[in-house]
Amino acid sequence: MRTHYCGKLNYQDIGKIVKVCGWVEKYINLGKIIFLKIRDCKGSIQIFCDYKNNISFQQAKKLRNEFCIQVIGIIQKKIKTFKKTIEILALKINILNKSKPLPIDLYNNKNQDIRFKYRYLDLRCPKVLKKFIIRNKITSFIRKFLEKRNFLEIETPILTKSTPEGARDYIVPSRIYKNKFYALPQSPQIFKQLLMISGIDRYYQIAKCFRDEDLRSDRQPEFTQVDIEMSFVHSSKIRNIMEQMIKKLFKKIININLKKFKIITYDKALLLYGSDKPDLRNPLLIIELTQFFKKTKYQKYFYLKKNNINRVAAIHLPNKYLKNQKEIYKTIIKKNNKKKIFFIKFKNTNFKKIKIISNIKEIISQNILKEIININKIDNNDVLILIANEKNKANNKLTKLRFKLGEKLNIIKYKKWKALWVINFPLFIKNKENKLCCTNHLFTAPKNFILKDLEKNPEKIISDSYDLIINGYEIGGGSVRINNKNLQKKIFDIVQLKKKIQKKIFGFFTTALQYGTPPHAGIAFGLDRITMLLTHSKSIREVIAFPKTTAAICPVSDAPINLLLK
RNA sequence: GGUGCGGUAGUUCAGUUGGUUAGAAUAUCGGCUUGUCACGCCGGGGGUCACGGGUUCAAGUCCCGUCCGCACCGCCA
């Protein structure tokens, strides 16, 4: 049917007789000649039809946009152009299939409802398709990289077991056993650990995962993870290999040389950026001030509650960024004044008496000012914007404010790529009901811990964990795993998992841990998010062929539906 | 579950303070046109203004509710 792809023909092919197949992208009828543009997955080429060749001309007259056709013709240079461009002189045209006018405009469609309803047509647009070509390059590279280093790709079950903690599961009823259910995997976590016990040593899988939670622009209910696990390694080793992989990937796909990834601890990330996934393209930093405002009078002033763990901190705006500062005051400070946002502008830091302009002048003593200046590098005309609140809320606000100010001041280097590791997450975190939960998952190993502390002060224990953050997106995360039955059980106990459930849900796993489980660690990357970044897409949907809507509906097939009664 | 933004020809959009028969471009259909490349020219068809209610002499426009899409919070790594 076809000798060449439309997009692969070039100047060297002039004179050849070719057969091409594709869709009519453009149709211009000038009366006695007709120009067509025909598109296939590799590109498009112009077809020239002349009335002197009656057979092809009569066929060409019948064509309309998006008809699927075959053209047999001779490659020739375009007439009346100086550039080296070619076209096909049509000898014969076969209509393989007609098409109704499309319900979307392939080259100018902004309406997401309709684009994703007719996604199979949307994908005809070369720009849309290109993202999937890049996605394929990414997976292909990752496979080659890992296989070269002795990783073995092994598939784990899709029909598996529901587990407590973490996200809600997608549930599949069993036909054979009434009232019993499979769950779709949230990740292959337990199975890949079992594979380590098997002695697989290095495993990977490009794995579909499922989480029944609400969607976001970077979250879909089914998504793809690059899932990796290694035996006999410390966390630094796995980080090194993965850093190499991501660096080479960026070089290969977008020709970017990422600098050596910074490593910062979870605590420090919150201290400096208010977030455990900071965007380092934003140069603004946070200055810690909690220690200066411990006294009750300050707490009252800032409306802080006594029993909370509070944080007072400021975003430091160096004067070099403050050319449009009047506007900043207006938009940020005045609007938010009542919402506990305070500011200090340093007029004079050099002399004995420090001069400031501030809406909290009455509570800032010279001593405090001096200490702030001593600890931090603060110059004349620098501004601090303060936030005082319960620690988590304060961090949240600081993160948002840091971003907002970065945008307003136009200092975020959007064209750069900044990758970093955030390590040492706390092993446990308290939920709303004040109950201890694992920050990551139940199998994460504590780091440098003393058994007594684990029992008495579990909140102080950190885990041997690491997240990879690029431009503020969490694109991967992992940890060293527990490889000891007793320790694993201790963790279950600390998060108050009942003994019965421990046995019923995880019994097989704790049993397995007894048979010489090697030390092991792993990581999982969000393939969709990586692809989103590398294709400069705004949403994860752009890089998933048939994504769900925010209401978790498949716009193409309308799933989910009521079961059909047979 | 909550907050915000949006829904007008097939498509992309305009529609002022509520005021005559809801417009444009493009697509589509018919005619003309021998080198177009955003081809051009002439003509035709195409609308339950998401849906349902309310206010009003009068609603695409104002109000309420529902549905759908998107963003965010909760949720989730």
Side-chain angles (χ1 to χ4, degrees), chain A residues 25-37 44-53 57 60-61 64-66 76-81 83 85-87 89 99-118 121-122 125 165-169 186-187 189 209-221 223 225 266 275-277 392-393 396-397 400 403 422 425 429 431-432 437-441 444 463 465-469 473-479 523-526 528-529 538-542 547-553 555 558:
Chain A
E25 192 174 68
K26 198 190 253 176
Y27 172 85
I28 297 173
N29 187 338
L30 296 182
K32 290 188 174 168
I33 56 171
I34 293 171
F35 294 99
L36 304 169
K37 214 171 175 187
S44 48
I45 189 166
Q46 176 164 287
I47 312 289
F48 175 68
C49 310
D50 195 327
Y51 75 103
K52 289 169 198 160
N53 188 329
F57 190 72
K61 271 205 217 166
R64 291 296 179 269
N65 281 340
E66 297 303 320
Q76 63 179 23
K77 185 182 181 298
K78 269 196 193 180
I79 295 166
K80 292 188 183 175
T81 43
K83 290 174 191 169
T85 49
I86 56 163
E87 65 184 8
L89 172 64
S99 172
K100 284 170 69 173
L102 300 192
I104 61 173
D105 181 346
L106 291 190
Y107 303 96
N108 182 28
N109 206 314
K110 292 166 193 167
N111 189 328
Q112 305 222 19
D113 309 26
I114 301 174
R115 264 189 68 202
F116 285 111
K117 184 175 180 187
Y118 295 99
L121 298 177
D122 185 45
C125 174
E165 296 235 332
R168 268 186 291 269
D169 288 312
Q186 295 185 24
S187 91
Q189 186 60 36
C209 301
F210 306 85
R211 289 178 189 159
D212 189 2
E213 296 293 347
D214 284 346
L215 294 88
R216 287 286 185 282
S217 57
D218 62 351
R219 251 164 48 193
Q220 282 272 309
F223 59 98
Q225 248 177 224
Y266 171 87
S275 164
D276 59 1
K277 41 182 178 177
N392 290 335
K393 283 183 186 170
N396 223 322
K397 288 192 172 180
K400 281 181 186 161
F403 173 72
V422 176
F425 284 72
I429 199 164
N431 69 6
K432 276 183 183 171
C437 296
C438 286
T439 309
N440 196 322
H441 53 62
T444 306
S463 62
S465 55
Y466 32 85
D467 274 6
L468 179 57
I469 312 298
Y473 281 95
E474 182 201 332
I475 65 151
S479 63
I523 192 165
F525 293 99
D528 312 284
R529 280 187 194 170
K538 281 182 184 166
S539 159
I540 201 175
R541 277 189 300 273
E542 296 291 331
K548 305 274 189 289
T549 68
T550 47
I553 285 167
D558 279 335

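Remember, predicted model here, so these are calculated numbers, not experimental data. Each chain gets a letter, A, B and so on, in the order the sequences are listed, and its residues count up from 1.
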Do A/V422 and A/K277 have side chains that approach each other closer than 4.5 Å (heavy atoms only, starting at C-beta)? no
Counting only Watson-Crick pairs (N1-N3 plus N6-O4 or O6-N4) and G-U wobbles (N1-O2, O6-N3), all under 3.5 Å, who is the partner of B/G1? B/C73
For the pair A/T550 (side chain) and A/L215 (backbone), establish whether a donor and an acceptor sit closer than 3.5 Å, ignoring hydrogens and angles. no
Using the side chain to side chain donor-acceptor pair (under 3.5 Å) criterion, which residues pair with A/D122? Sequence neighbours excluded. A/R115, A/R119
Inter-nucleotide P distance (B/C39, B/G2), Å rounded: 49 Å
Between A/N29 and A/Y27, do the side chains contain an N or O donor and an N or O acceptor separated by less than 3.5 Å? yes
If a protein heavy atom is under 4.0 Å from the base, mark B; if only from the sugar-phosphate, S; if neither, -; do that for nucleotides 71-77 of chain B going 5' to 3'. SSBBBBB
Please work out which of the three classes, parallel, tilted or perpendicular, describes the rings of A/F425 and A/Y266, given edges at 30° and 60°. tilted
May I ask whether A/F35 stacks on the base of B/G35, given the cut-offs of 5.5 Å between ring centres and 30° between planes? no
Can you tell me which nucleotide in B/G69, B/U34, B/U33 comes closest to the side chain of A/D113? B/G69
Across every strand shown, the nucleotide meeting Watson-Crick or G-U wobble geometry with B/C67 (both distances under 3.5 Å) is B/G7
P atoms of B/C57 and B/A22, separation to the nearest Å: 23 Å
How far, in whole Å, is B/G65 from B/C5 if one measures between their P atoms? 13 Å
Separation of atom CG in A/D50 from atom C1' in B/U33, rounded to whole Å: 14 Å
Between A/I104 and A/A552, which residue's closest nucleotide on RNA chain B lies nearer the 5′ terminus? A/I104
At under 4.0 Å between heavy atoms, what does A/A551 touch on the DNA or RNA strands: base, sugar-phosphate, or nothing? sugar-phosphate
Between the base of B/C37 and the side chain of A/K26, is there a donor-acceptor distance below 3.5 Å? no
Nearest-Å distance for atom pair CZ/C1', residues A/R64 and B/C29: 9 Å
Taking atom P in both B/G30 and B/U20, what distance in whole Å separates the two? 36 Å
Tell me: CD1 of A/I114 to P of B/A27, nearest whole Å? 18 Å
NA contact type, A/F116, heavy-atom cut-off 4.0 Å: base, sugar-phosphate, or nothing? nothing
Minimum-distance nucleotide (side-chain atoms of A/L30 versus B/U11, B/C39, B/U28): B/C39
In whole Å, I'd like the distance from the CG atom of A/L102 to the P atom of B/U12. 13 Å
Atom CD of A/Q220 and atom C1' of B/C70: how far apart are they, to the nearest Å? 13 Å
Spacing of the C1' atoms in B/A58 and B/U17 (rounded, Å): 14 Å
When you compare B/U61 with B/G45, how far apart are their C1' atoms, in angstrom units rounded to a whole number? 28 Å
Counting the atoms with a prime plus P, OP1 and OP2 as sugar-phosphate, which does A/E87 contact under 4.0 Å by heavy atoms, base, sugar-phosphate, or nothing? base
Check whether any side-chain N or O of A/N65 sits under 4.0 Å from OP1 or OP2 of B/A27, and answer yes or no. no
Sticking with atom P, work out how far B/U3 lies from B/C64, rounded to a whole angstrom. 13 Å
Separation of B/C37 P from A/Y27 OH (nearest whole Å): 16 Å
In whole angstroms, the gap separating C1' of B/C70 from CZ of A/R115 amounts to 13 Å
Atom CG of A/D122 and atom P of B/G10 are separated, to the nearest Å, by 20 Å
Is a side-chain donor or acceptor of A/R541 paired with a backbone partner of A/P547 at a separation under 3.5 angstrom? no
Taking the side chain of A/K78 as heavy atoms from C-beta outward, which of B/U36, B/A27, B/C70 is closest to it? B/U36
